[in-house]
Amino acid sequence: MPELPEVETIKRELSPQVVGQSFTGVDILDAQLVSGISVEEFRRKLTGQAIQSLERRGKYLIFELSKGDSLIIHLRMTGALLLNPKGIVRHARAIFHLSHDIQLVFSDFRRLGVLCLVEDADVVVGKLGPEPLSESFTPDILARRLAKHHIPVKAALTDQTIIAGVGNMYADEALFAARIHPLRKAHALSVDEIQTLYQSIRQVLCSAIDSKGASVATYLRPDGQLGMAQFDFKIAHRGGQPCSLCATLIERVLVRNRSSYFCPRCQPLVESSPLFPG
DNA sequence: CTTGGGACCTGGCTGC
DNA sequence: TGCAGCCAGGTCCCAA
């Protein structure tokens, strides 16, 4: 499932191959893929534009185009971008034709992914919260944003308007690393807990990028290779297995209808004691 | 406005 | 062997 580390990996591996190239055509095999405008208009506007840069914002990939437009791709659950694939790509939804006979195939077997072509990228990504790996993201910013929400901290971490790019897997990993139960209220975390959580989020994301993302389901890198970050998971998708720290069996609880895995011993569900009791 | 829950999507897996 | 139902989760939409 593409979250920040997976999308960042795709951006890094795709950029050197496609930046500077031009779209010579596009085959949309699934009209539902294109959001906002018709397939015809999408094809007409895209064709002929060169890719000036490739950026990532949260889980979105943004192709900055030569006429000022932005091609924005969200892979959702099962989307993948394959560069010059050999043979038939299963579940191909769109084929981008680039100069120098480059083909970029968008495959997405659950068809939740979205493409859009806009003049102003902020229309799509403007509401996203801060980038957790940016230098300007600080523990204080995390604290202020969490303090506004009386919701489970797990739900807060996966809310893209609070913090961008963190999804279900890495939220579980960060909460385990910080020893915080997923159902703890976001606004009720202590200063120390937020400091630890801040470091955990960044460490978990950086480590996953180093491993080229996690191939737990259908995630593939543009060259078709797998990521390796899933081998570092300590809690995500490990329900029923022993905790790596204390051997207690890992449990699963639904938070906002999403599976959350946690160690009931390492991540107890108790609110932190107030800083100044009495 | 805030919060929570369901819908969308598809295929692998489990249990009867 | 067949089949119903669960499960995966990013985001949108609706209701309380």
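Chain identifiers are assigned alphabetically (A, B, ...) following the order of the sequence lines, protein sequences preceding nucleic acid strands; residue numbering begins at 1 within each chain.
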Centroid separation A:Phe233 to A:Tyr261 less than 6.0 Å: no
Stretch residues 112-128 of chain A: residues that reach within less than 4.0 Å of DNA chain B through a heavy atom: A:Leu112
Net bend of the helix from B:dT2-C:dA16 to B:dC16-C:dG2, end axes of five pairs each, nearest 10 degrees: 60°
A:Arg56 charged N/C atom sitting above A:Tyr60 aromatic ring, 6.0 Å / 45°: no
To the nearest Å, give me how far apart [atom1] ([X]) and [atom2] ([N]) are.
{"X": "A:Asp159", "N": "C:dG10", "atom1": "CG", "atom2": "P", "result": "12 Å"}
{"X": "A:Arg256", "N": "C:dA15", "atom1": "CZ", "atom2": "C1'", "result": "14 Å"}
{"X": "A:Glu6", "N": "C:dG9", "atom1": "CD", "atom2": "P", "result": "12 Å"}

Okay, side chain of [X], backbone of [Y]: is any donor-acceptor separation there less than 3.5 Å?
{"X": "A:Gln195", "Y": "A:Val191", "result": "no"}
{"X": "A:Asp192", "Y": "A:Thr196", "result": "no"}
{"X": "A:Asp172", "Y": "A:Ala236", "result": "no"}
{"X": "A:Arg110", "Y": "A:Thr78", "result": "no"}

Please examine the side chains of [Y] and [X], heavy atoms only from C-beta on, and report whether any two atoms are closer than 4.5 Å.
{"X": "A:Phe262", "Y": "A:Leu183", "answer": "no"}
{"X": "A:Leu46", "Y": "A:Phe96", "answer": "yes"}
{"X": "A:Val7", "Y": "A:Glu3", "answer": "no"}

CG-NZ distance between A:Asp69 and A:Lys45, expressed to the nearest 0.5 angstrom: 6.5 Å
Is the shortest side-chain N to carboxylate O distance from [X] to [Y] below 4.0 Å?
{"X": "A:Arg44", "Y": "A:Glu40", "value": "no"}
{"X": "A:Lys59", "Y": "A:Glu6", "value": "no"}
{"X": "A:Arg76", "Y": "A:Asp108", "value": "no"}

Whichever hydrophobic residues join A:Phe109 through chains of side-chain contacts under 4.5 Å: none
Residue met sooner reading DNA chain B from 5', once A:Arg76 and A:His91 are mapped to nucleotides: A:Arg76
Presence of A:Gln160 side-chain N/O under 4.0 Å of C:dG10 phosphate oxygens OP1/OP2: no
Side-chain N or O of A:Lys59 closer than 4.0 Å to phosphate OP1/OP2 of C:dG9: no
Residues in contact with DNA chain C, drawn from residues 224-234 of chain A - heavy-atom cutoff 4.0 Å: none
First-last contacting nucleotides on DNA chain B - partner chain A, under 4.0 angstrom, heavy atom: B:dT3 to B:dG11
Nucleotide N/O of nucleotides 3-8 of chain C paired with protein N/O under 3.5 Å:
{"residue": "C:dA8", "atom": "OP1", "partner": "A:Arg252", "partner atom": "NE", "Å": "3.4"}
{"residue": "C:dA8", "atom": "OP1", "partner": "A:Ser259", "partner atom": "OG", "Å": "3.1"}
{"residue": "C:dA8", "atom": "OP1", "partner": "A:Tyr261", "partner atom": "OH", "Å": "2.5"}
{"residue": "C:dA8", "atom": "OP2", "partner": "A:Arg252", "partner atom": "NH2", "Å": "2.9"}
{"residue": "C:dA8", "atom": "OP2", "partner": "A:Ser259", "partner atom": "OG", "Å": "2.4"}
{"residue": "C:dA8", "atom": "N3", "partner": "A:Arg110", "partner atom": "NH1", "Å": "2.9"}

Candidate pair A:His97 and A:Phe23, rule ring-ring contact (aromatic ring centres under 6.0 Å, His included), full reasoning: CA-CA 6 Å; A:His97 302 277; A:Phe23 287 99; 10.0 Å; no
Over all atoms of both residues, closest heavy-atom pair of A:Ala229 and A:Tyr170: CB-OH, 4.0 Å
